[in-house]
Amino acid sequence: MSSYDPHAIERRWQQVWESERTWEVANPGRHGFEGSKPKSYVLEMLPYPSGEPHMGHLKCYSIGDAIAHFRRRHGFEVLHPMGYDAFGLPAENNAIKTGEHPRAATESSIEVFRRQFRQWGISIDWSREISSHTPEYYRWTQWIFLRLFEKGLAYRAEAPVQWCPVDATVLANEQVIDGRCERCGTPVESRKLEQWFFRITDYADRLLEGFDMLESWPEHVLTMQRNWIGRSEGAEVVFSCEQLGIDFPVFTTRPDTLFGATFFVLAPEHPEIERLVAAADAEEAVRDYVNQAMRESTEERAAEERPKTGVALGRTVTNPVNGEQIPMFVSDYVLMEYGTGAIMAVPAHDQRDYEFAKAFDLPIRQVVEPPAGEVPEDAAYVEHTEGERLVNSGPFTGMPATEAIREIIAWLEREGKGKAAVSYRLRDWLVSRQRYWGAPIPIVYCEACGMVPVPDDQLPVELPEIEEYAPKGRSPLAGAEDWVATECPNCGGSARRETDTMDTFVDSSWYFLRYLDPRNEDEPWDRAVADHWMPVDQYIGGVEHAILHLMYARFFVKALADMGLLGVQEPFVNLFAQGMITRDGAKMSKSKGNVVSPADYFERYGADSARTYICFMGPPEKGGDWSDEGVEGVHRFLSRLWRLGEEVAERTEDRPRNEERGTRNELSGHARTLLAKAHWAIDKVTRDFRRGFQFNTAIAAVMELVNEIYRLKDGLYGDAEGGPCVRLATATAASLIFPFAPHLGAEVYDRLAGERVWETPWPEADPALLSSETITLVVQVNGKLRDRIEAEVDAPEEELIRLARGSEKVQRHLDGKEVVKEVVVPGKLVNLVVR
RNA sequence: GCCGGAGUGGAGGAACGGCAGACUCGAUUGAUUCAAAAUCAAUUGCCCGAAAGGGCGUGUGGGUUCGAAUCCCACCUCCGGCACCA
């Protein structure tokens, strides 16, 4: 007997799909798509092409493909495209090391990805393939940049930025992990530079409100985004330094503690420090302190358990609520990036202020009293609970704290000394990079006209060819003199190009829109086409993008919608975040030497086995440890199904015909048992898909079905009604495994049913076969299982109790005791409570 | 510190108020084979027992319930995110 040959089978079906362009879908109103089917946009996060695909890619695309197949067979027109996020640092660092052009390295990697995706049999509409490094694509990235620029959402500003000394580039806040560069691990430094920003903070509230428009996002992703945005409500209160005539607004979430402010602290970067200490006694000491703070790395400054340091400025400000003069300090525990870079310090009710007050021997004045009157020793009282009342707070003394917050804000507003305010942790998105391998920022600087956007009809601003990729504190593009020197689009005078490129997150913030209309040369997408396909119905990707990519893409979509370019407010209504694949319990990495690549397994077992295994390992949203034995087990199962298909094709004559489907209920014995199992599996797999893609249990159900067929088949082959049942059950197993193992599913289904499984509707479970005439009645005594009894499905309660009491095993436990209660769960269980 | 998530056999996991351990791996045994691989069949939570059967079992302690892995409270451990954010 021949054996399961995945390579031959997979090649064969891949050729069919390739030559018939099975997975391509047309846009409405163009080439004959009538729009009769509802649409479904199934999208996996696009890969960053570096080297070859890894297990995380396999998992992501296996999950997405299963969903795409499931939806197609439910009558949806499924858009399932693929592309490459091709700009970025790894290709450029490789270029610096080897001299190989980043384009060459990237494109050869894309070739590997493309080939493997085909070998995996992922059902992709290849006619829509895109890559972010092509001028055809980044032309529109630049075009969107210009639209944001026009709306004031892209701006240039000098700002303290996080600088990676090794990569010699600026990093976004999001790319700094524990004070270190996300890519190379070097401690990040603070520098002041002119940089480009996107004004994402304008959208902070809408990014929060947008959560309500989503259907299904993992709770932890929403929480992470919410925390990242970090919205705090409170008040802005103005403290004045009358001596010098400077106003210092501060942000506080606790205006109820204003009477407890006993000193005032500025961040070392605060722009007014110079003026405050000029020619004063403290000048030297303050300058030393500020310089040292600036030199220290972000990591050092944020170190835990760091004692509070600072220097008195020798100046005071006035507390607006009580007119007190309170001393000013500079300290590095105040951050310039949050709030106003200045704080009112309330040591009695803020732990940091408390520590500072202790270190500098400053007064600590309690102004809020807990309901029980207990205040912690050696710490600030920071609770914020019901029943708190104000003390030592002038006219507000005795007022409940929650009410005091409102009243004090109202008072401040009346007096013109403050107002209700909201502050965010979120900062504007720093998008410029002093690197080569990215989309050039389409701006020129003209001596006469200043900053001038490149006109749309001159896009794309193509990336020039250069010799030296290594950044030296400025963009490598600055070395391309011929390219930098240009003409001002405005006045025709001499001008110089912006030499920074865009963060790659910009490229990936809109790619899902370009898939919709990838060959459009007049605009990034046709609005009507976008209206048809958007939003993405199901997005799939790793949790590592839970904050950055998803938030940036949401911001883009909202901004584009505001410009009238899109009709949706949220790009991804459903998100599935897959867990990470590990090996021997650890993240796979070259340095650990525990990397296994999908390609190794296709050699040995074929794509179907690897894909099915990765979906079977455990719930897909959780991580999983890759096990060679595990793949083998799944491979055994698929082989078993294939052999079954061969045997059934030979030993049964008929294809399951439609008329047989009407006769199921007259079936009896094993034939009915088998068919019932098939319908149980249909029901189970379908429910598991709907219940958050519980693929592990769905695949287990198909395994159970196959096991049942093996158990019963030999007794049914000779039988006039049994044979077709075996055939039908086996074809059903093939049909149900198809979303995970598409080649094998197609092969076995074709062999048994003579049809293309992807063209047949998803099977429906027959309710008549899901229920049976008898049930297994579980009998408990005092909640403990004592017996199982076969009973009629519709037996009345009294009958069930009679059966339960009649059981010999049950009797033994009732002996000499009194039954005080009988609990009956119809169709399931009887519990006898005895004493 | 704050915010999430999770603790179940030798392993991955299933069940998510009603039969704990589906399915898979691993292990053991048998059939087949000259032999091995592959395949097929059987056993496999722990303890007592020859068996029938019984007892104990879902991180720990308590609670709710006729009944709890599942719900509630407290605690322990692990994983992830954020963290001097005023």
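Chain letters run A, B, ... following the sequence lines, proteins first and then strands; every chain starts at 1. The structure displayed is predicted, hence computed values, not measured ones.
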Can you list the residues that meet the side chain to side chain donor-acceptor pair (under 3.5 Å) rule with A:E272, with sequence neighbours excluded? A:R275
What is the pairing partner of [N], taking Watson-Crick or G-U wobble pairs with both distances under 3.5 Å in any strand?
N: B:rG49; value: none
N: B:rU58; value: none
N: B:rU64; value: none
N: B:rA22; value: none
N: B:rC78; value: B:rG5
N: B:rU43; value: B:rA27
N: B:rA14; value: none
N: B:rA83; value: none

Counting heavy atoms from C-beta on, name the nucleotide in [options] closest to the side chain of [X].
X: A:R352; options: B:rG13, B:rA86, B:rG81; value: B:rA86
X: A:D332; options: B:rC84, B:rG18, B:rC85; value: B:rC84
X: A:S232; options: B:rU39, B:rA86, B:rA14; value: B:rA86
X: A:N696; options: B:rA15, B:rG18, B:rG13; value: B:rG13
X: A:R691; options: B:rC3, B:rA15, B:rA86; value: B:rA15
X: A:H220; options: B:rA86, B:rG4, B:rG54; value: B:rG4
X: A:L335; options: B:rC82, B:rA86, B:rC40; value: B:rA86
X: A:W228; options: B:rA22, B:rC25, B:rC82; value: B:rC82
X: A:N831; options: B:rG67, B:rC23, B:rA83; value: B:rG67
X: A:R786; options: B:rG54, B:rC40, B:rC3; value: B:rG54

Could you tell me how far apart [X] ([atom1]) and [N] ([atom2]) are, to the nearest whole angstrom?
X: A:N227; N: B:rG4; atom1: CG; atom2: P; result: 9 Å
X: A:L222; N: B:rC3; atom1: CG; atom2: P; result: 17 Å
X: A:I699; N: B:rU24; atom1: CD1; atom2: P; result: 12 Å
X: A:K622; N: B:rG80; atom1: NZ; atom2: P; result: 15 Å
X: A:L641; N: B:rU24; atom1: CG; atom2: C1'; result: 16 Å
X: A:D787; N: B:rA52; atom1: CG; atom2: P; result: 15 Å
X: A:R711; N: B:rA22; atom1: CZ; atom2: P; result: 13 Å
X: A:R226; N: B:rG5; atom1: CZ; atom2: P; result: 12 Å

Would you tell me if any nitrogen or oxygen in the side chain of [X] comes within less than 4.0 Å of OP1 or OP2 on [N]?
X: A:R636; N: B:rC40; result: no
X: A:R640; N: B:rC40; result: yes
X: A:R812; N: B:rA52; result: no

[atom1] atoms of [N] and [M], separation to the nearest Å:
N: B:rU65; M: B:rC73; atom1: C1'; result: 16 Å
N: B:rU58; M: B:rU8; atom1: C1'; result: 4 Å
N: B:rC85; M: B:rG5; atom1: P; result: 23 Å
N: B:rG49; M: B:rU60; atom1: P; result: 26 Å
N: B:rA31; M: B:rA36; atom1: C1'; result: 16 Å
N: B:rG45; M: B:rA27; atom1: C1'; result: 14 Å
N: B:rG80; M: B:rU28; atom1: C1'; result: 40 Å
N: B:rG12; M: B:rC3; atom1: C1'; result: 29 Å

Mapping A:T223 and A:L785 to their closest nucleotides on RNA chain B, which lands nearer the 5' end? A:T223
Identify, between A:K821 and A:G623, the residue whose nearest nucleotide on RNA chain B lies closer to the 5' end. A:G623
Contacts of A:R254 meeting salt bridge (charged side-chain N to carboxylate O under 4.0 Å, His left out) (sequence neighbours excluded), chain-then-number -> A:D256
Nearest 0.5 angstrom please: A:R643 CZ to A:Y710 OH, how far? 4.5 Å
Between CD on residue A:E790 and CD1 on residue A:I775, distance to nearest 0.5 Å: 8.0 Å
Does the separation of the ring centres of [X] and [Y] fall below 6.0 angstrom?
X: A:Y338; Y: A:Y424; value: no
X: A:F356; Y: A:F329; value: yes
X: A:F616; Y: A:F740; value: no

Base, sugar-phosphate or nothing for [X]? Non-hydrogen atoms, less than 4.0 Å.
X: A:F616; answer: base
X: A:H813; answer: sugar-phosphate
X: A:Q780; answer: base
X: A:K784; answer: sugar-phosphate
X: A:D353; answer: nothing
X: A:G633; answer: sugar-phosphate
X: A:V825; answer: base

Since syn is defined as within 90° of 0, does B:rG9 count as syn or as anti? syn
In plain terms, say whether A:E808 and A:R812 are close enough for a salt bridge, that is, a side-chain N and a carboxylate O under 4.0 Å apart. yes
Is any NZ, NE, NH1 or NH2 atom of the basic residue among A:E708 and A:R711 found under 4.0 Å from an Asp or Glu carboxylate oxygen of the other? yes
Do A:R427 and B:rC85 have a side chain to base donor-acceptor pair shorter than 3.5 Å? yes
I'd like to know whether A:R425 forms a side chain to side chain donor-acceptor pair (under 3.5 Å) with A:N227, so could you lay out the CA-CA distance, the side-chain angles of the two residues, the decisive distance to 0.1 Å, and finally the verdict. CA-CA 8 Å; A:R425 211 192 76 105; A:N227 291 345; over 6 Å; no
